[in-house]
Amino acid sequence: EADIYQTPRYLVIGTGKKITLECSQTMGHDKMYWYQQDPGMELHLIHYSYGVNSTEKGDLSSESTVSRIRTEHFPLTLESARPSHTSQYLCASSPTPTGTHGYTFGSGTRLTVV
Amino acid sequence: DAKTTQPTSMDCAEGRAANLPCNHSTISGNEYVYWYRQIHSQGPQYIIHGLKNNETNEMASLIITEDRKSSTLILPHATLRDTAVYYCIALSLLSGGYNKLIFGAGTRLAVHP
């Protein structure tokens, strides 16, 4: 049973639209992360947060933005979607200290921009 | 965090042990070795982690060399459902746990009948 939820699971949207990918976790983890993964390629960290009102950019530059107003919620927003944003977006969380299971990942959102 | 090196791909017969190697020659004393796997395009799944002692759980065993420069993940009886990309990651748990899990290319394990 998943403790971290991502919606939608799949999204096809037109160029120029604003979209928000949702990520919520029920484990009380203070740290949350967004990764981007193109088909058959590596996962790249694009955003992370170490707590409420704390957000940082990851190792891969991304035009998306994130917010962390509540501990359990870490949405990712694209103000104007483009075909280059087509990818899978994976959300993860971890407690402090990291603990025995490290990071817990959601099932991902597969985004297609046409 | 230390860089890790893994073979690009491996094959294993169903029912046999799968031994996945990982080199981490620059690993520091406070870095753990974590293993995750990603089945198809699902979110990565935690498998096991260790510091210097060998570890075993219901999924796998982790063997870390005495000098900690390399490790091996062992799936004792591989099944077709173990076909996945396996990631070996060196992760420091210092600084209050404010770390970032950085993935490499991993090893693509194919289990065949």
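Residues B/Met10, B/Leu20, B/Ile27, B/Val33, B/Trp35, B/Ile48, B/Met59, B/Leu62, B/Ile64, B/Leu73, B/Leu75, B/Leu80, B/Tyr86, B/Leu109, B/Val111 make up the rest of the hydrophobic cluster containing B/Ile47, defined by ILVMFWY side-chain heavy atoms closer than 4.5 Å, directly or through other members.
A 6.0 Å sphere centred on CE of A/Met27 holds more than 12 heavy atoms belonging to other residues, nucleotides or ligands. Atom CZ of B/Arg81 is surrounded by 12 or fewer heavy atoms from other residues, nucleotides or ligands within 6.0 Å. Within 6.0 Å of NE2 on B/His112 lie more than 12 heavy atoms contributed by other residues, nucleotides or ligands.
In this view, B/Asp67 satisfies the salt bridge (Lys or Arg N to Asp or Glu O under 4.0 Å) rule with no residue, not counting sequence neighbours. With sequence neighbours left out, A/Asp30 forms a salt bridge (Lys or Arg N to Asp or Glu O under 4.0 Å) with no residue at all.
B/Phe103 places none of its side-chain heavy atoms less than 4.5 Å from the side chain of A/Leu45.
Proximity to chain B is limited to the side chain of A/Gln37, based on heavy atoms less than 4.5 angstrom apart. Looking at B/Gln45, neither its backbone nor its side chain comes within 4.5 Å of chain A, counting heavy atoms on both sides.
Expressed to the nearest 0.5 Å, how far NZ of B/Lys100 lies from OH of A/Tyr35 amounts to 9.5 Å. Rounding to the nearest 0.5 Å places CZ of A/Phe105 at 8.5 Å from CD of B/Gln38.
At a heavy-atom cut-off of under 4.5 Å, chain B is reached by A/Asp59, A/Gln88, A/Leu90 from residues 57-92 of chain A, listed in order of number.
A continuous path of hydrophobic side-chain contacts links A/Ile13 to A/Trp34 [ILVMFWY only; heavy atoms under 4.5 Å]. Hydrophobic clustering (ILVMFWY, side-chain heavy atoms < 4.5 Å, transitive): B/Leu91 and A/Tyr50 are in one cluster. Tracing side-chain contacts under 4.5 Å through hydrophobic residues (I, L, V, M, F, W, Y), one reaches B/Tyr36 starting from B/Leu51; they form part of the same cluster.
Of all heavy-atom pairs spanning B/Ser41 and A/Arg110, the tightest one is CB-NH2, 2.9 Å.
A donor-acceptor pair under 3.5 Å is formed between the side chain of A/Tyr103 and the backbone N or O of B/Leu101.
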